[in-house]
Each structure stands twice: as C-alpha cells, then as structure tokens.
Amino acid sequence: MSTDLTPQVRRRRTFAIISHPDAGKTTLTEKLLLFSGAIQIAGSVKARKASRHATSDWMEIEKQRGISVASSVMQMEYRDCVINLLDTPGHQDFSEDTYRVLTAVDAALMVIDAANGVEPQTRRLLQVCRARNTPILTFVNKMDREVQEPLALMDEIERELGMEVVPFTWPVGMGKSFHGVMDLREERMRVFSPGEDRNHNDDEILEGLHNPLYADRFGMAYQQAQGEIELLTDAAPAFDREAFIGGHQTPMFFGSAVNNFGVREVLDALVDLAPAPGSRASLQREVEPDEKKFTGVVFKIQANMDPAHRDRIAFVRVASGHFERGMRLKVVRSGKELRPNTVVSFLSQRRELLDEAFAGDIIGIPNHGVLQLGDTLTEGESLQFTGLPFFAPEMFRTVEVADPLRSKQLRAGLTQLGEEGAIQVFRPVASAMLLLGAVGQLQFEVVAHRLEHEYGVKARIMPSRFQVARWVTCEEADGGEKELKRFIEANSHRVAYDAVDAPTVLVEYAPELRAIEQNWPKIKFHALREHAGLVFQRRLEG
C-alpha cells in the first residue's frame with residue numbers, strides 16, 4: 001500500500017561496510033564519500049601523524065592508531081538517492097558495536113583483501129548478516145598488489161560464506177600488471193591509473209568485452225582475463241534479485257579503494273541493487289516504512305563526539321513515518337516524552353541540524369541519559385522493536401581510580417561508556433569496586449584512554465578472577481521474581497547488575513557454572529541479552 005511517504009522511502013539506501021581489519025574498509029568508506037560529492041578530498045587512513053585523517057575516524061585514539069574503534073554514520077546524496085552509510089569497526093574486539101549497527105541497516109558491503117581472502121572477522125560478521133538475511137555486495141580490494149587469482153577468490157568466498165557469487169566486474173591483471181576492470185554488464189573496460197586522490201571523472205573507458213585493442217595493449221594479462229570471462233559466461237550463475245535480497249547471492253566487484261578505482265561501480269550498484277527500507281518486526285506487530293506515524297529505534301549511543309560539550313548522542317534508525325524537528329516522541333520503555341529540537345544528521349563528526357527524516361534515515365538525538373540502547377521511540381503507540389544483541393563478555397577487569405578524589409568522575413565516565421556499549425559495566429552486589437567486561441583486550445585500552453582524555457580520570461585497570469558471565473532470569477511459572485531474588489541472595493558473592501540492571505552471575509570456571517545450573521534448575525542462564533527481554537537468537541550464538 002503506497003502513501004504520501006512512499007517516494008521518500010524508495011529514495012533511501014541504508015547500509016554498513018563490514019570487513020576484517022586492514023582490508024581497506026575505512027578507505028573505501030572515504031572514497032564512496034568522495035565519489036558521491038560529500039567530500040572534496042579524502043583523508044589518508046595510514047598517514048597517522050598527518051593533519052588529514054579518515055573522515056569516518058573522529059576519535060583521538062582512532063587517529064593515533066589508524067584504526068576504527070567506533071561505528072560512524074555518514075549521510076550523502078547520489079543519483080537522487082539518500083544514502084546512509086555506516087562504517088563499522090573491523091577489529092574483533094569491537095564486534096558488539098558492529099553487531100548492533102547491523103540491526104539498523106538494509107544491506108551490507110563486504111570488503112575482502114584480495115591477498116588474504118576470507119578472514120576470521122569476515123566470517124563472524126557474515127554469520128550475523130545471514131541470521132538477519134541481510135543482502136550483501138562484495139568488493140575485492142587491493143588489486144594493485146600481488147594477490148590471489150580472482151577465480152580462486154571467488155571459489156573461496158562461495159565455499160567459506162555459503163553464498164553464490166555473481167561477478168559484475170572482472171580484473172585484468174594484478175599487482176604491477178593491474179590494468180583495470182571489465183564491466184561485464186556494460187561490456188566495457190575501465191583502465192587503471194594509480195595515485196588518484198581527487199574525484200576526477202577522467203578514467204579512460206574502452207568499449208566492448210572483446211575490443212582488439214586489448215590484446216595489443218594489455219598482453220598476457222588480458223588474454224588470461226578473457227579466458228576467465230569466457231569461463232564465467234558459461235559457468236557463473238545469472239544475477240537473481242530475489243536470491244540477493246534474501247542474502248543467498250552476492251554481486252562481486254574488483255578494484256583498489258586507495259586509488260579510487262572500482263569505487264564508482266560499487267556506488268552505482270548500491271543505488272541500483274540495495275533494497276529500500278522494508279518492514280521491521282516489533283513484539284506487537286510488523287511496522288511498515290511508509291506508515292504515517294513515526295517510529296524509530298536507538299541502536300547506538302556515543303558519548304563525547306563533541307568533547308567541548310560532553311554530549312551524548314543517541315543514534316536512531318527511523319523505522320516508519322515522517323520525523324519533524326520538535327515533534328513529540330514517547331520513549332516506550334520509560335513512558336517519558338521527548339521534544340527533540342537539536343536533532344542532527346552526520347558526516348562522521350560533522351553535523352547538520354535536521355528538520356525532517358524518513359524511514360531508513362539515521363538521526364542523532366542529543367540527550368543526557370534519557371535514551372538507552374534498544375529504546376523504541378513512537379508518537380504514542382506502545383511498540384518494542386527487537387533484535388539488539390548484547391553478548392556475555394569473555395574478559396573481565398576490575399577498575400579503580402588513581403586519585404580517590406575523582407571517584408565520582410570515574411563512575412560518571414564508566415556509566416556513560418557502559419550506556420553507549422563501549423564496554424560492559426557491572427556493579428557487584430557484594431563489592432563497591434566496578435567490574436568491566438569486554439570481548440577483547442583492546443576495549444579495555446580504549447576505555448582507559450577515553451576515561452583519561454574525555455573525563456580527566458586516570459584509572460587502574462587490573463585483572464579479575466572472573467572468566468564467565470551469564471544473565472539470569474526466571475519464568476513466572478517457576479516462581480518468577482521470588483525465585484530470582486532467592487538466587488541472587490544465595491549467590492550475592494558472584495552476582496552483579498549491568499547497565500540496565502539485568503542481574504548477571506559471574507564465575508571463575510565453566511565447570512562452576514554447570515554446577516550452579518544443576519543446583520538451580522528453575523533459573524535460566526543466558527549468553528545473549530536483548531533489550532526487549534532475554535531472548536535467545538540461536539543463529540547468532542551458533
């Protein structure tokens with residue numbers, strides 16, 4: 001059913017870029033911005049001490065290390081489409097942030113390092129995408145280096161990720177003999193020229209798949225590519241839009257992001273192939289994107305994007321309706337009302353005041369603790385969107401402040417960082433010392449850095465005896481709150497509360513957890529928590 005909002009919804013494309021660290025994801029993000037006209041010059045991700053840094057890397061520690069440790073959001077227009085692009089951390093230590101971002105997008109662009117092929121973090125992220133049936137486009141990067149044979153890469157992607165691969169472009173040569181890519185659909189070749197730093201539309205285009213100039217000009221590299229293309233014509237599957245939308249088939253593109261090469265084809269494919277926003281499931285009903293009433297979900301909170309103002313921005317994916325600045329919104333969890341007047345759109349940390357937004361858009365609402373991860377916003381209806389995952393930490397540390405006079409600042413800083421999901425913060429029932437939980441060591445380093453530079457607190461982060469955590473609940477039929485209270489009192493020495501006051505049991509060893517489970521058969525132990533209740537998502541956990 002079409003409404004007045006349908007044309008605006010159909011213009012939207014909302015996608016995340018995912019990859020293993022160092023595959024070139026942030027560089028590709030930068031070049032997509034460049035080719036859309038959103039920026040005029042790309043920052044070098046590798047020039048860590050230079051004045052230019054990647055537009056999508058705004059945090060001080062990101063600029064120092066040349067890595068992404070927080071997801072960033074960028075909005076741009078290209079070919080009459082509004083593109084919401086989310087750059088995610090590649091490092092596995094920040095995978096939780098990435099998992100949550102993937103709940104807010106309609107498609108994903110997977111970046112593969114042509115030398116390394118499918119790497120561990122790529123597999124992990126693909127599992128999350130597959131669990132949500134997210135459509136995926138594939139960009140094979142760094143073709144200007146010595147890399148794997150493209151047919152071998154294609155085979156590896158199909159085998160490792162369980163998806164059919166449909167090449168849309170094909171490389172002619174590699175490394176020093178990389179001459180360009182053949183556009184198999186347009187039947188023309190884009191000739192490679194290295195070192196391009198600006199958005200010039202002067203790439204040389206040669207028409208035809210079998211232009212006689214190719215053999216003379218590109219020699220053996222073309223002859224090999226020609227043989228591979230003939231093989232693909234006979235053997236590769238045809239592009240099937242339904243299979244792509246269902247996450248079972250991926251279009252594949254080749255290029256070199258650092259040289260701005262092959263990027264335009266990817267940008268065009270995102271506009272042509274990626275789906276517009278669709279319906280989203282809530283506990284109560286399916287929400288259609290072109291419904292008149294506004295709904296949205298908080299999938300990310302970021303503290304101190306503007307250190308001068310100690311701000312906290314809630315990133316909201318608009319699920320339906322027409323957002324207008326100053327409109328009344330209900331926070332369904334708390335029943336509180338918001339009238340946000342300073343809502344922003346993003347180009348990384350550059351912001352613009354926003355007057356309106358539609359389904360698929362990502363908007364930023366400044367707030368001081370009113371909004372939490374997973375909150376649903378509506379114009380009054382009681383809805384709860386589902387699917388925002390929190391995973392049980394795999395590493396634990398205790399934390400104390402070096403200067404006891406700054407204990408208050410430590411708690412305030414950790415509370416905010418816990419609310420934004422940068423780290424999991426636990427308050428043990430039997431101790432005043434806060435406990436930090438993380439997926440990887442780098443998260444602790446980033447938290448210590450941010451506490452010092454954003455909150456003025458030098459913290460000592462020390463080992464903890466705990467190694468395993470599980471959230472605990474009890475069904476009403478099994479005694480509900482009374483049984484849970486009894487469990488907490490009996491195990492107070494190993495129970496803590498997290499950022500949303502969900503009780504958690506902490507143990508030193510897995511056998512200890514198994515013994516507790518046997519002794520408390522009515523208590524349920526969860527490795528995954530969702531904001532809308534503790535719901536198992538077995539496909540994710542697998």
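If you read the sequence from its start, that first residue is 1, and numbering goes on from there.
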Checklist entry - When you measure from the side chain of Asp183 to the backbone N and O of Thr169, does any donor-acceptor pair fall under 3.5 Å? => result no

Checklist entry - Are any non-hydrogen side-chain atoms of Ser282 and Thr376 less than 4.5 angstrom apart? => result no

Checklist entry - What is the distance from atom CD1 of Ile245 to atom CD1 of Ile136, rounded to the nearest 0.5 Å? => result 11.5 Å

Checklist entry - Do Glu265 and Arg190 meet the salt-bridge criterion of a basic N to acidic O distance under 4.0 Å? => result yes

Checklist entry - Between Val166 and Pro237, is any pair of side-chain heavy atoms under 4.5 Å apart? => result yes

Checklist outcome for this item: In terms of heavy-atom contacts, His322 and Phe294 come closest through O-CB, 4.3 Å

Checklist entry - Is a side-chain N or O of Thr14 found less than 3.5 angstrom from the main chain of Gly360, in a donor-acceptor match? => result yes

Item to check | Derivation and outcome, side chain to side chain contact (heavy atoms under 4.5 Å, CB included), residues Leu371 and Ile365 | outcome: CA-CA 9 Å; Leu371 294 174; Ile365 300 180; 4.2 Å; yes

Next on the checklist: Parallel, tilted or perpendicular: which one describes the rings of Phe254 and Trp170, with boundaries at 30° and 60°?
Outcome noted: perpendicular

Item to check | For Ala314 against Asn367, the heavy-atom pair lying closest together | outcome: CB-ND2, 3.7 Å

Checklist entry - Can you find a pair of side-chain heavy atoms, one from Pro167 and one from Met154, that are under 4.5 Å apart? => result yes

Checklist entry - Does a sphere of radius 6.0 Å around CD in Glu207 hold more than 12 heavy atoms from other residues, nucleotides or ligands, not counting ones at 6.0 Å or beyond? => result yes

Checklist entry - Going through the distances and angles, do Val332 and Thr378 end up as a side chain to side chain contact (heavy atoms under 4.5 Å, CB included)? => result CA-CA 7 Å; Val332 174; Thr378 71; 3.9 Å; yes

Next on the checklist: Would you say that Arg339 contacts Met327 through its side chain, given a criterion of any heavy-atom pair below 4.5 Å between the two side chains?
Outcome noted: no

Checklist entry - Do Glu381 and Arg285 meet the salt-bridge criterion of a basic N to acidic O distance under 4.0 Å? => result yes

Checklist entry - Tyr455 ring centre to Arg450 NZ or CZ under 6.0 Å, with the angle to the axis within 45°? => result no

Checklist entry - Can you name the closest pair of heavy atoms from Ala357 and Val318 and give their distance? => result CB-CG2, 4.3 Å

Next on the checklist: With a 3.5 Å distance limit and no angle check, can you tell me whether Glu158 reaches the backbone of Glu164 through a side-chain donor-acceptor pair?
Outcome noted: no

Item to check | Evaluation steps, side chain to side chain donor-acceptor pair (under 3.5 Å), between Thr295 and Ser320 | outcome: CA-CA 5 Å; Thr295 63; Ser320 71; 2.7 Å; yes

Checklist entry - Hey, mind stepping through Asp290 and Arg10 against salt bridge (Lys or Arg N to Asp or Glu O under 4.0 Å) and telling me if it holds? => result CA-CA 9 Å; Asp290 47 7; Arg10 286 180 177 162; over 6 Å; no

Checklist entry - Among side-chain atoms of Gln75 and Asn84, is any donor-acceptor pair under 3.5 angstrom? => result yes

Checklist entry - Counting only N and O atoms by type, is there a donor-acceptor contact under 3.5 Å from the side chain of Lys524 to the main-chain atoms of Glu475? => result no

Next on the checklist: Test side chain to side chain contact (heavy atoms under 4.5 Å, CB included) on Met143 and Val181; report intermediate values, then the result.
Outcome noted: CA-CA 10 Å; Met143 288 305 298; Val181 292; 6.0 Å; no

Item to check | Test ring-ring contact (aromatic ring centres under 6.0 Å, His included) applied to Phe139 and Phe253, step by step | outcome: CA-CA 5 Å; Phe139 180 72; Phe253 301 82; 7.8 Å; no

Checklist entry - Does the side chain to side chain contact (heavy atoms under 4.5 Å, CB included) test come out yes or no for Asp361 and Val82, once each step is laid out? => result CA-CA 8 Å; Asp361 286 340; Val82 178; 3.9 Å; yes

Checklist entry - So, do Leu273 and Phe239 sit near enough that their side-chain heavy atoms are less than 4.5 Å apart? => result yes

Item to check | Least distance between heavy atoms, Ala104 atom then Arg280 atom | outcome: CA-NH2, 4.0 Å

Checklist entry - Okay, side chain of Gln8, backbone of Leu5: is any donor-acceptor separation there less than 3.5 Å? => result no

Checklist entry - Any side-chain heavy-atom pair from Leu161 and Val118 closer than 4.5 angstrom? => result yes

Checklist outcome for this item: CZ (Arg185) and CG (Asp268) are apart, to the nearest 0.5 Å, by 13.0 Å

Next on the checklist: Any side-chain to backbone donor/acceptor pair from Gln249 onto Val165? Under 3.5 Å, distance only.
Outcome noted: no

Next on the checklist: Taking the basic N atoms (NZ, or NE/NH1/NH2) and the acidic carboxylate oxygens, is any pair closer than 4.0 Å for Asp106 and Arg13?
Outcome noted: no

Checklist entry - Going from CG on Leu206 to CE on Met182, what distance comes out if it is rounded to the nearest 0.5 angstrom? => result 8.5 Å

Checklist entry - Judged by atom type as modelled, is there a donor-acceptor pair below 3.5 Å linking the side chain of Arg11 to the main-chain atoms of Pro7? => result no

Checklist entry - Tell me, do Phe15 and Leu86 make a side-chain contact under 4.5 Å, heavy atoms counted? => result no

Checklist entry - Any side-chain heavy atom of Leu417 within less than 4.5 Å of one from Val425? => result no

Checklist entry - Any side-chain donor-acceptor pair under 3.5 Å between Lys330 and Ser382? => result yes

Checklist entry - So, for Gly326 and Asn341, which heavy atoms are closest and what is the spacing to 0.1 Å? => result CA-OD1, 3.3 Å

Item to check | Separation of Leu267 CG from Leu137 CG (nearest 0.5 Å) | outcome: 11.0 Å

Item to check | Inter-residue atom distance Phe315.CZ - Ile362.CD1, 0.5 Å rounding | outcome: 9.0 Å

Checklist entry - In Å and rounded to the nearest 0.5 Å, what is the CG to CD distance from Leu383 to Gln284? => result 5.0 Å

Checklist entry - Have Thr504 and Asp498 got a donor and an acceptor in their side chains that come within less than 3.5 Å? => result no

Item to check | Heavy-atom closest contact (Cys81 atom, Val271 atom, distance) | outcome: SG-CG1, 3.7 Å

Next on the checklist: Applying the side-chain hydrogen bond (donor to acceptor under 3.5 Å, both in side chains) criterion to Asp375, which one of Gln384, Lys336, Arg333 satisfies it?
Outcome noted: Arg333

